[in-house]
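Please read the structure below before turning to the comments.
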Protein chains: 2
Amino acid sequence: MQTGPQPADFADVRATNLAVVLRHVRNHAPCSRADIAAATGLNKATVSSLVADLIERRLLRETGLAEHRIGRPATMLVLDGQPYAAIGLAVSADQLTAVAVDLAGEQLLSWRRSFPALASSPGKAVSAIAALASRVAGRVGSQNRQVLGLTVGVPGLVDSDGTVRLAANLGWRDVDLRADLVHALRDPKYDVAVDNDANLSAMAEHRYGAFAGSSDLVYLTGEVGIGAGVIVDGRLLRGGRGFSGEIGHVQVDPSGPVCPCGRTGCLEAMAGIPAIIRRVLPDAEADGPITDFAPEIDEVVRLARRGDPATVDSLAAVGRHLGHGVAILTNVINPDVVVLGGNFVPLAPWLLPAAEAELAARAVAPEAGGCRIVASTLGAGTAAVGGAARALATVDAGHLPPPPPA
Amino acid sequence: MQTGPQPADFADVRATNLAVVLRHVRNHAPCSRADIAAATGLNKATVSSLVADLIERRLLRETGLAEHRIGRPATMLVLDGQPYAAIGLAVSADQLTAVAVDLAGEQLLSWRRSFPALASSPGKAVSAIAALASRVAGRVGSQNRQVLGLTVGVPGLVDSDGTVRLAANLGWRDVDLRADLVHALRDPKYDVAVDNDANLSAMAEHRYGAFAGSSDLVYLTGEVGIGAGVIVDGRLLRGGRGFSGEIGHVQVDPSGPVCPCGRTGCLEAMAGIPAIIRRVLPDAEADGPITDFAPEIDEVVRLARRGDPATVDSLAAVGRHLGHGVAILTNVINPDVVVLGGNFVPLAPWLLPAAEAELAARAVAPEAGGCRIVASTLGAGTAAVGGAARALATVDAGHLPPPPPA
DNA sequence: GTTAGTTCGTCTGCCGACTAAACAAACTAG
DNA sequence: CTAGTTTGTTTAGTCGGCAGACGAACTAAC
């Protein structure tokens with residue numbers, strides 16, 4: 001119970017303790033009521049009451065399995081994944097990705113739909129997003145699951161109201177996506193949110209990644225641009241207007257090339273995926289903005305595996321630039337880990353050594369402030385998974401679904 | 001009441017609500033019990049109980065003055081500054097600064113003592129700091145005030161245990177200042193903490209500055225080095241190991257001069273106070289590390305006031321570098337305001353225009369993400385005041401001094 | 001098979017903290 | 001001097017966590 005501007009009452013205590021129990025079960029399942037009481041310091045009777053409440057809300061479930069040690073066997077508790085699901089949806093330049101995740105972290109579905117954002121208007125995009133979300137919600141509903149929330153990730157600046165201020169790679173400016181979606185979905189019962197894709201990916205890593213639980217974590221997107229999702233002290237860093245993590249257009253080399261944004265030597269222009277491809281595969285035709293880099297990245301990986309010197313050197317140079325960017329983050333924010341995502345993942349074996357060396361050289365704190373650079377292990381759709389994670393995180397934070405009316 | 005790993009109980013509710021009332025009175029004094037109830041949503045009876053508790057702890061006081069509107073006159077409440085004081089102490093390369101502040105924000109004393117840190121050992125520094133703290137505590141005690149806490153600010157990397165990992169400008173490395181101080185002060189009743197001077201200055205600005213209450217604020221020190229104290233969402237950003245805000249050695253110009261840290265083109269080497277003085281006053285003798293820049297800064301200000309073109313140009317160039325640094329902070333953190341402190345304050349009229357222009361050009365978000373650059377108005381000793389503010393902030397957060405035993 | 005010992009989870013009584021509503025106090029308006 | 005207003009306290013009530021007792025269910029050992 002931290003200091004908040006709001007006064008506290010019993011409901012807050014109850015919500016806090018319900019969330020404490022729920023998180024404990026999520027992190028230590030299966031476990032018994034006695035385990036929870038011992039670990040949290042709550043009274044056994046209180047835990048019993050809280051667990052009963054959570055079972056009534058169908059967030060927890062008793063398993064038949066009992067550990068047979070000495071004494072009375074414990075009735076074990078696990079998360080009940082069945083009755084709920086959270087939906088995450090990610091918009092990129094060429095496709096929409098939707099996932100649904102249940103409370104226990106099981107991915108229920110993962111759908112992709114190609115959608116050329118630059119070739120359509122934001123209005124059409126809203127319709128397409130709403131249609132996809134609606135279909136996912138329908139599927140989830142047909143499994144008798146209640147939707148806990150829908151979060152849409154967008155590669156761009158999203159303010160605290162859910163308005164997309166600027167998404168260069170989608171060609172959007174001042175699109176009030178959240179309100180439009182709520183309207184298109186006809187005021188759904190569940191919560192609708194819009195956030196930056198890097199922020200959501202960071203939430204996904206924070207909840208499901210190899211460094212899950214690390215309270216100071218940064219995720220770097222490797223799509224058309226480079227964005228950072230920053231988690232500090234276990235919470236997303238948003239800044240005054242929600243425009244944090246825009247590391248892609250920080251200058252890392254004043255003598256570097258001109259970036260499409262008009263500035264010079266941006267990290268994105270030096271180490272972004274398009275820059276890597278141009279550098280390694282100068283012959284690749286670049287007619288119009290490329291949006292899907294998979295074939296080219298595959299080719300780069302092939303060349304690197306084969307040990308092609310120019311490719312390896314190029315990737316090392318890119319790694320150094322990334323290390324420079326990570327060093328800026330380390331010096332300013334001092335995260336425990338920086339996770340490289342997107343198209344950086346397959347390239348990581350050739351990027352990381354150079355990046356780590358550069359980080360060590362540029363970081364002020366000894367041992368780079370304890371900061372590690374790793375590749376994401378979550379696979380594709382991280383931002384969408386993070387969208388689902390956001391809704392689940394609100395449950396963990398105490399915003400529980402109401403108990404059944406019956 | 002935010003989500004925390006800790007379960008909550010009644011004591012937490014009480015502490016939270018006591019803090020709510022205390023903060024309300026601090027921000028809206030003088031005010032009546034009825035005002036508090038109306039503004040916070042707490043019940044009148046609850047407010048009465050909370051106020052009685054706070055009066056017993058001598059944190060609040062009733063004033064005789066009553067507002068005579070229609071109806072029964074209200075008995076007004078104000079903070080009772082008398083019984084408590086918090087001590088802040090700042091270490092710099094050439095002196096120690098100590099201040100004591102009461103609960104109402106009144107500065108009770110401000111002492112300076114010259115102390116050549118580089119010429120003495122860390123051990124002697126600990127003795128000197130402890131002696132000064134002890135004298136301040138004695139003076140405060142002789143006024144029948146209880147000391148709420150002592151916080152020491154150090155220009156360098158301080159980890160979460162209060163150990164100074166590296167303070168280049170003091171010549172310190174791995175000095176466990178907090179433990180040493182606790183020992184030298186013989187386990188004082190009050191809380192002892194050590195923190196980075198920029199962090200503490202940021203707390204001072206957050207509590208007493210022109211932008212007090214802004215929940216996303218950065219303070220830039222302008223002493224020997226440049227450090228950032230970062231407040232995000234109303235809380236200090238510390239990072240995984242407490243090494244955040246080290247913006248001084250981020251590279252802003254790869255072709256810049258070599259910095260004493262060994263890197264090239266650090267912000268500090270381009271826009272630090274020594275760099276400014278070298279640039280504007282090339283004739284100033286620089287025998288050994290300068291620690292007190294006051295005379296030189298005065299001279300720079302004189303030249304700038306006179307309109308000396310070389311000086312004005314130099315300051316504009318420095319302003320551009322500062323703007324570059326601020327742009328990095330803005331893109332990564334998106335604060336509402338960046339406060340320039342220390343020796344930047346008298347130079348601000350000539351630095352700010354260039355800095356703002358550079359920020360606008362380099363910030364990704366429109367209108368620089370709403371970020372403003374301003375000069376501190378708190379005067380000298382900001383870090384020490386921030387040290388006191390830290391202890392007072394723990395009271396605001398609910399860690400109240402115990403009620404009197406009587 | 002019985003008994004002792006252990007552990008689990010519930011039950012009971014208690015206490016602390018907030019709420020609602022009634023009420024006394026103290027003032028202004030007319 | 002009365003009516004009306006506002007303040008702050010009092011009283012009763014509810015809620016939720018806590019402590020300890022208790023029954024339940026099991027293992028271990030004789």
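Keep in mind the model is a prediction, meaning the values are calculated, not measured. The chains referred to below are lettered A, B, ... by the order of the sequence lines, with proteins before strands, and numbering in each begins at 1.
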Sequence neighbours excluded, which residues qualify as side-chain contact (heavy atoms from CB on, under 4.5 Å) partners of A/D216? A/V232, A/D336

Just the atom pairs and distances: protein N or O near nucleotides 3-6 of chain C's N or O, under 3.5 Å.
none

Which residue pairs pass the salt bridge (Lys or Arg N to Asp or Glu O under 4.0 Å) test with at least one member in residues 33-52 of chain A, sequence neighbours excluded? A/R33-A/E62

Taking side-chain contact (heavy atoms from CB on, under 4.5 Å) as the definition, give me every residue that meets it alongside A/A100, ordered by chain and number, with sequence neighbours left out. A/L108, A/L109, A/V136, A/V140

Who pairs with B/D161 by salt bridge (Lys or Arg N to Asp or Glu O under 4.0 Å), at least two apart in sequence or on another chain? none

N/O (side chain, A/S32) to phosphate O (OP1/OP2, C/dG9) under 4.0 Å: yes

Name all residues meeting the side-chain contact (heavy atoms from CB on, under 4.5 Å) criterion together with B/A11; count only those two or more places apart in sequence or in a different chain, and write none if there are none. B/D9

Answer yes or no: does a side-chain N or O of B/N17 lie under 4.0 Å from OP1 or OP2 of C/dC18? yes

In the 5' to 3' direction, the nucleotides of DNA chain D bounding the stretch that comes under 4.0 Å of a heavy atom in chain B are D/dT5 to D/dG17

With a 4.0 Å cutoff (strictly under), does any side-chain N or O of B/N43 reach OP1 or OP2 of C/dC18? no

Which residue pairs satisfy the ring-ring contact (aromatic ring centres under 6.0 Å, His included) criterion with at least one member in residues 35-58 of chain A, sequence neighbours excluded? none

Sequence neighbours excluded, the answer for side-chain contact (heavy atoms from CB on, under 4.5 Å) partners of A/Y190 is A/A137, A/V147, A/L150, A/L185, A/P188, A/V192

